[in-house]
K.L.:
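Questions regarding the structure given below will be posed in turn.
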Amino acid sequence: MTFTIDFSADSAIVARQLIGAVLLVDGVGGRIVETEAYDREDPASHTFAGETARNATMFGPPGHVYVYRSYGIHWCLNFVCREAGHGAGVLIRAIEPLQGIDVMRERRGVVDERLLCSGPGRLCQALAITREHDGLGLNEPPFELIGAGERMRSVAGPRIGISKAIDVPWRFGLAGSRFLSRPFR
DNA sequence: CTTAGGATCGCCT
DNA sequence: GGCGATCCTAAGC
């Protein structure tokens with residue numbers, strides 16, 4: 001019996017619920033161990049200044065995927081939350097590799113499992129996520145999302161790599177995981 | 001172990 | 001023209 005995630009909830013609720021869920025893209029992926037929530041009235045969010053060409057997907061229906069380019073080099077994966085038009089989402093920051101590990105090693109060019117998906121840019125490279133996935137629904141191929149069957153013990157703290165709203169504790173992690181992008185304090 | 005700098009480009013001011 | 005929801009490498013302690 002699988003536990004489905006309600007993406008119409010607040011992004012912080014969804015971010016917490018996603019900890020322990022299994023994400024696969026074309027059968028490659030693993031357990032989500034780190035997320036961050038972003039919301040409309042949130043100076044750190046891409047949607048804070050309103051809808052633009054880049055963030056249009058964030059204002060679309062919940063349960064869809066928002067992919068953006070980071071620093072001109074990397075891709076970052078988000079799940080849209082709330083209702084269409086709101087502009088909230090969850091950044092997927094780290095995954096514990098479970099399926100297709102050798103494929104991920106090839107795509108990433110590293111052997112160490114802890115370096116495959118521990119970071120938003122890294123996991124997109126490992127799962128081969130690009131702008132082409134932007135706007136696709138999580139309930140249809142190539143995506144597969146299986147909610148955590150049990151309540152996972154999680155920790156929370158401030159988000160990483162932002163310069164605004166740096167004290168908001170909207171970063172969530174699986175307690176004790178070795179696959180976090182950075183440890184929690 | 002921590003820190004510093006460069007890569008690289010679409011979007012916003 | 002500036003600046004990231006980042007990552008990698010190299011150098012310093």
Side-chain angles (χ1 to χ4, degrees), chain A residues 7 10-19 21 23 25 29-30 32-60 62 64-82 86-97 104-135 138 154-174 177-185:
Chain A
F7 284 100
D10 284 347
S11 53
I13 300 292
V14 176
R16 164 64 188 80
Q17 270 188 38
L18 282 169
I19 298 300
L23 172 70
V25 181
I32 297 172
V33 297
E34 184 182 340
T35 59
E36 279 179 1
Y38 290 87
D39 206 351
R40 179 63 206 274
E41 304 298 320
D42 171 9
S45 175
H46 286 174
T47 57
F48 183 66
E51 184 171 345
T52 66
R54 173 177 70 157
N55 65 24
T57 300
M58 280 271 272
F59 288 91
H64 285 239
V65 161
Y66 165 53
V67 180
Y68 71 93
R69 212 199 251 289
S70 174
Y71 289 87
I73 304 169
H74 306 102
W75 300 104
C76 288
L77 172 69
N78 299 257
F79 297 162
V80 179
C81 297
R82 289 287 205 122
H86 182 88
V90 173
L91 170 70
I92 310 302
R93 284 198 57 92
I95 288 174
E96 173 184 342
M104 294 193 248
R105 285 198 173 110
E106 212 167 301
R107 289 169 176 165
R108 290 272 301 124
V110 297
V111 176
D112 188 349
E113 269 188 46
R114 296 176 63 170
L115 294 178
L116 292 181
C117 299
S118 296
R122 289 168 172 171
L123 74 88
C124 280
Q125 188 181 19
L127 304 198
I129 293 166
T130 69
R131 181 105 224 192
E132 293 180 17
H133 296 91
D134 184 55
L138 276 168
S154 64
V155 289
R159 295 171 290 183
I160 291 179
I162 56 174
S163 58
K164 298 163 188 165
I166 58 176
D167 292 327
V168 178
W170 278 356
R171 174 179 177 235
F172 301 89
L174 179 62
S177 173
R178 302 156 40 232
F179 297 91
L180 301 172
S181 68
R182 286 177 51 179
F184 284 77
R185 289 283 156 179

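Chain A is the first sequence line, chain B the second, and so forth, proteins listed ahead of strands; every chain is numbered from 1.
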K.L.:
So which pairs with a foot in residues 33-48 of chain A pass salt bridge (charged side-chain N to carboxylate O under 4.0 Å, His left out), sequence neighbours left out?
P.N.:
A/E34-A/R93, A/E34-A/R171, A/E36-A/R93, A/D42-A/R159
K.L.:
Indicate, with a heavy-atom threshold strictly under 4.0 Å, whether A/I162 touches base, sugar-phosphate, or nothing.
P.N.:
sugar-phosphate
K.L.:
Encode nucleotides 8-13 of chain B as B, S and - characters from 5' to 3', where the letter depends on protein heavy atoms closer than 4.0 Å: B to the base, S only to sugar-phosphate, - to neither.
P.N.:
BB-SS-
K.L.:
When we call it a touch if two heavy atoms are under 4.0 Å apart, what does A/R171 touch: a base, just sugar-phosphate, or nothing?
P.N.:
nothing
K.L.:
Is there side-chain contact between A/F79 and A/V14, with at least one heavy-atom pair below 4.5 Å?
P.N.:
no
K.L.:
Can you give the donor-acceptor pairs under 3.5 Å from side chains of residues 114-123 of chain A to other protein atoms, not counting sequence neighbours?
P.N.:
from: A/R114; atom 1: NE; to: A/R178; atom 2: O; distance (Å): 3.2
from: A/S118; atom 1: OG; to: A/R114; atom 2: O; distance (Å): 2.9
from: A/S118; atom 1: OG; to: A/F179; atom 2: O; distance (Å): 2.8
from: A/R122; atom 1: NH1; to: A/S118; atom 2: O; distance (Å): 2.9

K.L.:
When rounded to the nearest 0.5 angstrom, what is the spacing between NE2 in A/H74 and CD1 in A/I129?
P.N.:
14.0 Å
K.L.:
Which pairs, with at least one residue in residues 66-82 of chain A and sequence neighbours excluded, count as a salt bridge (charged side-chain N to carboxylate O under 4.0 Å, His left out)?
P.N.:
A/D10-A/R82
K.L.:
Going by salt bridge (charged side-chain N to carboxylate O under 4.0 Å, His left out), name the residues that satisfy it together with A/R185, two or more places apart in sequence or in a different chain.
P.N.:
none
K.L.:
Going by side-chain contact (heavy atoms from CB on, under 4.5 Å), name the residues that satisfy it together with A/P169, two or more places apart in sequence or in a different chain.
P.N.:
none
K.L.:
What is the first contacted nucleotide of DNA chain C and what is the last, in 5' to 3' order, if contact means an atom lying under 4.0 angstrom from a heavy atom of chain A?
P.N.:
C/dG4 to C/dC8
K.L.:
A/N78 pairs by side chain to side chain contact (heavy atoms under 4.5 Å, CB included) with which of A/V65, A/D134, A/L91, A/V67?
P.N.:
A/L91
K.L.:
Just jot down the salt bridge (charged side-chain N to carboxylate O under 4.0 Å, His left out) partners of A/E113, sequence neighbours excluded, or say none.
P.N.:
A/R105
K.L.:
For DNA chain B, just give me the dot-bracket, please: Watson-Crick or G-U, both distances below 3.5 Å, ( ) intra-strand, [ ] crossing earlier pairs, | paired with another strand, . unpaired.
P.N.:
|||||||.||||.
K.L.:
Rounded to the nearest 0.5 Å, how far apart are CZ of A/F172 and CG of A/L18?
P.N.:
10.5 Å
K.L.:
Not counting sequence neighbours, which residues clear side-chain hydrogen bond (donor to acceptor under 3.5 Å, both in side chains) with A/R16? List them please.
P.N.:
A/S154
K.L.:
Expected output is a numbered-order residue list: members of residues 113-120 of chain A with a heavy atom under 4.0 Å from any atom of DNA chain C. What is it?
P.N.:
A/G119, A/P120
K.L.:
Side-chain donor-acceptor pair under 3.5 Å between A/R107 and A/Q125, yes or no?
P.N.:
no
K.L.:
Please list, chain by chain and in numerical order, all residues satisfying side-chain hydrogen bond (donor to acceptor under 3.5 Å, both in side chains) with A/H46, sequence neighbours excluded.
P.N.:
A/Y66
